[in-house]
**Student:** 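Encoded as structure tokens, here's the structure I'll be asking about.
Chain identifiers are assigned alphabetically (A, B, ...) following the order of the sequence lines, protein sequences preceding nucleic acid strands; residue numbering begins at 1 within each chain.
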Number of protein chains: 2
Amino acid sequence: MPTNEPLTPPSSGRPSGRPSGQSSGQPSGRPSGRPGRRPASSRAAIEDAAGELFLEQSYARTTIEHITTRAGVSRASFFNYFDAKSDLLWGDVDALVDSVEQQLRAQPSNIPPMDAVRGALVSAAEHVGSDRIPLAVTQWELMGARDELLTSGLSRFSRLGSLVRVYLDSRAKSGEQLAVTAASFALVGAVAAAAGVWAAQGTARDPLAPLIDRAIAPVCDGFAPRFS
Amino acid sequence: MPTNEPLTPPSSGRPSGRPSGQSSGQPSGRPSGRPGRRPASSRAAIEDAAGELFLEQSYARTTIEHITTRAGVSRASFFNYFDAKSDLLWGDVDALVDSVEQQLRAQPSNIPPMDAVRGALVSAAEHVGSDRIPLAVTQWELMGARDELLTSGLSRFSRLGSLVRVYLDSRAKSGEQLAVTAASFALVGAVAAAAGVWAAQGTARDPLAPLIDRAIAPVCDGFAPRFS
DNA sequence: CGATAAAACTAGACCGAGTACAACAATAGG
DNA sequence: CCTATTGTTGTACTCGGTCTAGTTTTATCG
């Protein structure tokens with residue numbers, strides 16, 4: 001007996017090909033230049049289904065099978081679009097970290113390093129509109145057990161830490177490894193704290209950027225003397 | 001067909017009861033007061049086997065089955081002693097966090113809050129002798145992909161953050177929620193950074209406590225003005 | 001001593017996330 | 001039509017973790 005597929009026994013098999021459910025209009029838009037089958041609207045369908053289910057029954061109690069079933073997609077398809085279940089929650093945060101990376105590169109090199117980092121973080125935060133909020137934030141209020149959320153999210157923030165560390169390292173004199181690393185991860189801690197407070201404010205929250213700024217300012221002040 | 005048990009088909013079954021292998025002497029020491037079967041040396045056997053296997057083939061490639069097989073213990077027994085595989089790596093860190101909690105309670109209440117936290121963290125770090133080093137640290141050098149390690153460890157540090165936050169919260173005037181949270185998690189970031197640098201030093205590393213102190217000092221300096 | 005209760009341990013089924021791979025379907029271009 | 005390419009699916013598998021029922025060892029009480 002196969003291991004998975006607790007639901008949807010072989011009978012009543014879904015018609016292969018794209019299902020008739022949901023909001024997927026005929027995906028045959030433009031020839032798109034390159035060969036191969038064109039993607040159905042699977043990605044959006046998955047995201048929508050996940051958003052609904054997370055609100056209905058929380059992240060922890062929603063399985064990937066639930067999501068794909070509601071989206072009218074195969075379980076295998078899920079992993080074509082996402083590497084892990086937690087990507088549904090934190091994918092937006094990943095994108096935000098990417099934007100921090102860009103902002104860091106865009107910083108002028110004649111200002112003190114900590115000011116540059118501060119500017120980059122705040123700039124990135126300014127692009128977080130209240131329109132597109134990471135799913136993780138909406139879950140924050142809902143979840144009784146935040147540990148799973150927290151754990152799945154921390155690794156994303158650690159990427160931010162590595163990013164900042166590389167930047168600071170490039171602008172510090174050697175022999176400052178400890179200070180560079182400490183500053184980077186202290187900043188990330190402060191950012192995460194601000195994000196947590198922001199998420200906890202529920203709907204109609206304040207803009208994120210000033211919060212971030214207030215949270216990281218003391219860290220910047222503390223470490224600034226350690227850098228040129 | 002059963003799902004698991006890829007190895008050890010029903011043939012060649014290990015003799016039930018305590019195996020003759022390893023270092024487990026007859027555990028019948030003292031009557032120990034209370035009823036019930038006395039524990040075999042399973043816990044130590046598991047830890048030893050895990051330590052060996054992690055060094056031989058890394059954490060990621062070692063399954064719980066491997067560990068329990070070498071330890072001569074059933075898989076079920078593993079979960080009698082540990083909640084998760086990652087506890088083998090981070091259990092010592094958990095204990096360390098506990099000791100921070102104690103140190104926080106032992107701090108005099110007439111010194112500034114940030115000084116108290118700093119003292120507690122450094123005191124706890126002083127008890128980390130080079131004798132008993134968390135397995136995670138020894139793995140740090142070995143692992144090609146540190147992400148799994150990192151992820152499994154971050155949640156432990158987040159507990160430290162919550163601890164500090166509660167303490168700071170009890171000593172701050174209300175309305176300082178953001179500052180309290182930011183300070184807590186910035187501290188944790190700095191501590192984690194110091195621990196990482198320490199771990200990366202390989203064998204014969206410097207004492208941890210001064211490293212921690214140097215890492216968190218700027219954070220304390222930065223946030224100190226925000227608290228009474 | 002025997003009965004009982006508690007504790008350590010085991011066996012085995014089960015679940016869900018994640019991986020791997022071989023198909024199959026749709027589409028562009030020759 | 002043929003072929004290469006890309007999206008999608010079915011299916012088997014691994015592993016961490018949970019759960020439950022049952023077995024063995026032990027101390028205590030009658």
**Student:** Picking from B/V191, B/L187, B/D169, what satisfies side chain to side chain contact (heavy atoms under 4.5 Å, CB included) with B/V164?
**Tutor:**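 Result: among B/V191, B/L187, B/D169, B/L187 is the only option passing the side chain to side chain contact (heavy atoms under 4.5 Å, CB included) with B/V164.
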
**Student:** Sequence neighbours excluded, which residues qualify as ring pair (Phe, Tyr, Trp, His ring centres under 6.0 Å) partners of B/F82?
**Tutor:** B/F78

**Student:** Specify the residue among A/T63 and A/A76 whose closest nucleotide of DNA chain C lies further upstream toward the 5′ end.
**Tutor:**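 It is A/T63 whose nearest nucleotide is closer to the 5' end.
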
**Student:** Would you kindly give the CD1-to-P distance between A/I46 and D/dG7, to the nearest whole Å?
**Tutor:**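 These atoms are roughly 13 Å apart.
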
**Student:** Can you give me the N/O atom pairs linking the protein to nucleotides 3-6 of chain D at distances under 3.5 Å, or say none if there are none?
**Tutor:**
residue, atom, partner, partner atom, Å
D/dT5, O2, A/G36, N, 3.3
D/dT6, O2, A/R37, N, 3.0

**Student:** Specify the separation, in whole Å, of atom CZ of A/F79 and atom P of C/dA22.
**Tutor:** 19 Å

**Student:** May I ask you to check whether A/R156 and A/S86 show a side-chain donor-acceptor distance below 3.5 Å?
**Tutor:** yes

**Student:** May I ask you to say what A/T62 touches in the nucleic acid, namely base, sugar-phosphate or nothing, with a heavy-atom cut-off under 4.0 Å?
**Tutor:**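 Here A/T62 touches the backbone only, sparing every base.
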
**Student:** Report yes if a side-chain nitrogen or oxygen of A/Y81 is closer than 4.0 Å to either non-bridging phosphate oxygen (OP1 or OP2) of D/dG7; otherwise report no.
**Tutor:**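 Answer is no, no contact under 4.0 Å.
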
**Student:** Taking atom P of D/dG16 as reference, at what distance in whole Å does atom CG of B/L88 sit?
**Tutor:** 11 Å

**Student:** Could you state the CD-P distance from B/E65 to C/dT10, rounded to the nearest angstrom?
**Tutor:** 13 Å

**Student:** Determine the contact category for A/N80: base if any of its heavy atoms lies under 4.0 Å from a base atom, sugar-phosphate if only primed atoms, P, OP1 or OP2 are that close, otherwise nothing.
**Tutor:** base

**Student:** Just how far, in rounded Å, is P of D/dC15 from NE2 of B/H66?
**Tutor:**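 Going from B/H66 (NE2) to D/dC15 (P), I get 7 Å.
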
**Student:** Report yes or no: is there a donor-acceptor pair, N or O only, under 3.5 Å between the side chain of A/R61 and the base of C/dG16?
**Tutor:**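 Under the 3.5 Å cut-off, the side chain and the base do not form any donor-acceptor pair.
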
**Student:** D/dG17 base to B/R75 side chain: any donor-acceptor pair below 3.5 Å?
**Tutor:** yes

**Student:** If you take all heavy atoms of A/E126 and A/A209, which pair is closest and at what distance?
**Tutor:** CG-CB, 3.5 Å

**Student:** Would you indicate, yes or no, if C/dC9 has its OP1 or OP2 atom less than 4.0 angstrom from a side-chain nitrogen or oxygen of B/S74?
**Tutor:**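 Looking at the OP1 and OP2 atoms of C/dC9, neither is under 4.0 Å from any side-chain N or O of B/S74.
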
**Student:** Between atom CD1 in A/I64 and atom C1' in D/dT9, what is the gap in whole Å?
**Tutor:**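 Computing the A/I64:CD1 to D/dT9:C1' distance gives 16 Å.
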
**Student:** Can you tell me how far P of C/dG16 sits from CZ of A/F78, to the nearest Å?
**Tutor:** 14 Å

**Student:** Output all residues satisfying ring pair (Phe, Tyr, Trp, His ring centres under 6.0 Å) with B/Y81, sequence neighbours left out; order by chain, then residue number.
**Tutor:** none

**Student:** Going through the distances and angles, do B/V128 and B/W198 end up as a side chain to side chain contact (heavy atoms under 4.5 Å, CB included)?
**Tutor:** CA-CA 12 Å; B/V128 178; B/W198 184 71; 3.9 Å; yes

**Student:** Output, in order, the C-alpha distance, side-chain angles, deciding distance and verdict of side chain to side chain contact (heavy atoms under 4.5 Å, CB included) for A/V97 and A/E101.
**Tutor:** CA-CA 6 Å; A/V97 173; A/E101 190 169 20; over 6 Å; no

